[in-house]
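To start, the structure under review is shown below, and the notes come after it.
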Amino acid sequence: LKFGVIPVEGTKDATTRYKTLVDYLSKTLGIPVKFSVGADYAAVIVAMGSKQIDIAEFGASSYIKATEQTSAQAFARANNVKGGLGYNSIMVVKASGPIKTEADAKGKTFSFVDPNSTSGYLVPLVHIYNELKTKPEDYFSKVVFAGSHEASILSVLNDKTDVGVTNNLDLDNAIEKGAVKKDELRVIWTSKSIPVGPVAWRKELPASLKTAIRNAYLQFNTKAGLEELNIKGYVAVKDADYNPIRDVEKLKADLVSKK
């Protein structure tokens with residue numbers, strides 16, 4: 001069974017964090033499970049479409065794109081220790097720097113995460129268009145894509161960009177593993193709650209295998225694995241739970257077309 005995830009951190013760190021879950025799935029399902037991290041968000045979507053992966057952990061926005069381009073079908077999502085079934089997009093700056101508000105950030109350099117990221121692109125992009133009434137490239141002096149949430153955080157920490165977007169969960173993960181200290185960054189904007197992205201399978205997998213996979217996820221309660229992923233467990237989810245994000249995608253398209 002081929003299992004892929006979007007890149008929110010380095011491959012080595014992700015492989016370590018998911019190892020207990022992967023071992024559990026392999027033992028429970030009685031088949032080897034091969035884990036991989038996509039080069040970028042789009043790579044995971046393409047891999048599912050070409051049957052190079054069978055199940056994938058997506059963000060909400062990348063899942064929606066996957067449903068448009070592949071047979072991806074959501075069946076579970078993580079119930080996080082912090083935030084439960086929701087999380088927040090945030091903008092961060094160096095705490096030691098002069099930027100304290102979004103107004104202070106005007107004319108500075110800025111990093112998104114990935115064009116298919118919900119908290120690292122879609123939600124902050126709509127915020128910039130809707131609330132700041134401008135395009136990112138007009139508000140900031142330079143706009144780049146960092147590639148992953150951790151890379152966006154580190155781009156600010158290492159003075160590659162003045163402002164970066166990520167989310168509260170991935171910032172917490174970076175702090176917990178020592179990639180950044182809590183007092184080194186300042187949050188200057190926080191979004192409303194975003195639904196946690198799902199784990200999805202290829203719809204054409206055998207029904208018996210899908211049932212076994214769903215049951216395995218919903219029954220996952222290995223203490224070490226839950227702690228590694230910072231979750232309470234997995235809960236059932238359905239495709240319609242992501243319709244609010246589809247609405248945001250439509251809003252983005254309308255806003256971008258008017259600018």
Side chain D40, main chain A42, donor-acceptor under 3.5 Å: yes
Neighbour count above 12 (heavy atom, 6.0 Å) for K2 NZ: yes
Nearest-0.5 Å distance that lies between atom CD in E68 and atom CD in E249: 7.5 Å
Polar side-chain atom of Y24 near backbone of T222 as donor-acceptor pair, under 3.5 Å: no
Heavy-atom pair of closest approach, residues Y217 and A76: CB-CB, 4.4 Å
Verify same cluster id: I64, V196 (apolar side-chain graph, 4.5 Å): yes
Test side chain to side chain contact (heavy atoms under 4.5 Å, CB included) applied to N243 and R246, step by step: CA-CA 5 Å; N243 285 342; R246 289 185 171 95; 3.0 Å; yes
Transitive ILVMFWY side-chain link V180 to V187, under 4.5 Å: yes
Co-membership, hydrophobic cluster, residues Y129 and L132, 4.5 Å side-chain: yes
Any donor-acceptor N/O pair, D104 side chain to T101 backbone, under 3.5 Å: yes
Minimum-distance pair of heavy atoms, taken over all atoms of A72 and A66: CB-CB, 3.9 Å
Main-chain N/O of T20 paired to D23 side chain as donor or acceptor, under 3.5 Å: no
Derivation of the side chain to side chain contact (heavy atoms under 4.5 Å, CB included) call for R186 and K100: CA-CA 8 Å; R186 174 187 296 128; K100 293 181 171 62; 3.8 Å; yes
N/O donor-acceptor pair under 3.5 Å between S111 side chain and F145 backbone: no
Close side-chain approach of V123 and I194, heavy atoms under 4.5 Å: yes
Pairwise distance CG(L185) to OG1(T166) - rounded to 0.5 angstrom: 9.5 Å
S50 side chain vs V46 backbone, donor-acceptor pair below 3.5 Å: yes
For the student: nearest non-hydrogen atoms of I55 and I213, plus distance: CG2-CD1, 4.2 Å
Within one Ile-Leu-Val-Met-Phe-Trp-Tyr cluster: V37 and V44, side-chain cutoff 4.5 Å: no
Full working for side chain to side chain contact (heavy atoms under 4.5 Å, CB included) between K65 and F58: CA-CA 10 Å; K65 290 180 174 64; F58 291 107; over 6 Å; no
Neighbour count >12 (heavy atoms, 6.0 Å) for atom NZ, K177: yes
S155 and T161: side chain donor to acceptor below 3.5 Å: yes
Trace of the side chain to side chain contact (heavy atoms under 4.5 Å, CB included) decision for L169 with N230: CA-CA 9 Å; L169 299 178; N230 288 319; over 6 Å; no
Distance-only polar pair, side chains of D162 and T109, donor-acceptor under 3.5 Å: yes
Greater than 12 external heavy atoms within 6.0 Å of K160's NZ: no
Approximate separation, where rounding is to 0.5 Å, of K203 NZ and D239 CG: 9.5 Å
Sub-4.5 Å side-chain heavy-atom contact between D159 and K94: yes
Nearest-0.5 Å distance that lies between atom CG in L226 and atom OH in Y234: 8.5 Å
Residue pair Y242 / P198: nearest heavy atoms and the distance that separates them: OH-N, 3.3 Å
Check: P195 and D241 side chains under 4.5 Å, non-hydrogen atoms: no
Test item: N88 side-chain N/O and N168 main-chain N/O as donor-acceptor pair under 3.5 Å: no
From N173 atom CG to E150 atom CD, the distance as rounded to the nearest 0.5 Å: 9.0 Å
Minimum heavy-atom distance S148-V113, with the two atoms named: C-CG1, 3.5 Å
Joint cluster assignment, M48 & V237, ILVMFWY side-chain distance < 4.5 Å: yes
Point-to-point distance, once rounded to the nearest 0.5 Å, from CG of N130 to CD1 of I128: 11.5 Å
ring-ring contact (aromatic ring centres under 6.0 Å, His included) partner of F110, chosen from Y121, F140, W189: F140
Check: S257/D254 side-chain N/O donor and acceptor closer than 3.5 Å: no
S89 (side chain) donor-acceptor with S119 (main chain) under 3.5 angstrom: yes
Aromatic ring pairing Y41/H149, orientation class (parallel under 30°, perpendicular over 60°, tilted between): tilted
Check: T16/K12 side-chain N/O donor and acceptor closer than 3.5 Å: no
Pairwise side-chain contact, L229 with R17, heavy-atom cut-off 4.5 Å (strictly under): yes
Nearest atoms (heavy-atom pairs only) where T118 meets S62: OG1-N, 4.5 Å
Expected output: side-chain K82 to main-chain Y87 donor-acceptor under 3.5 Å: no
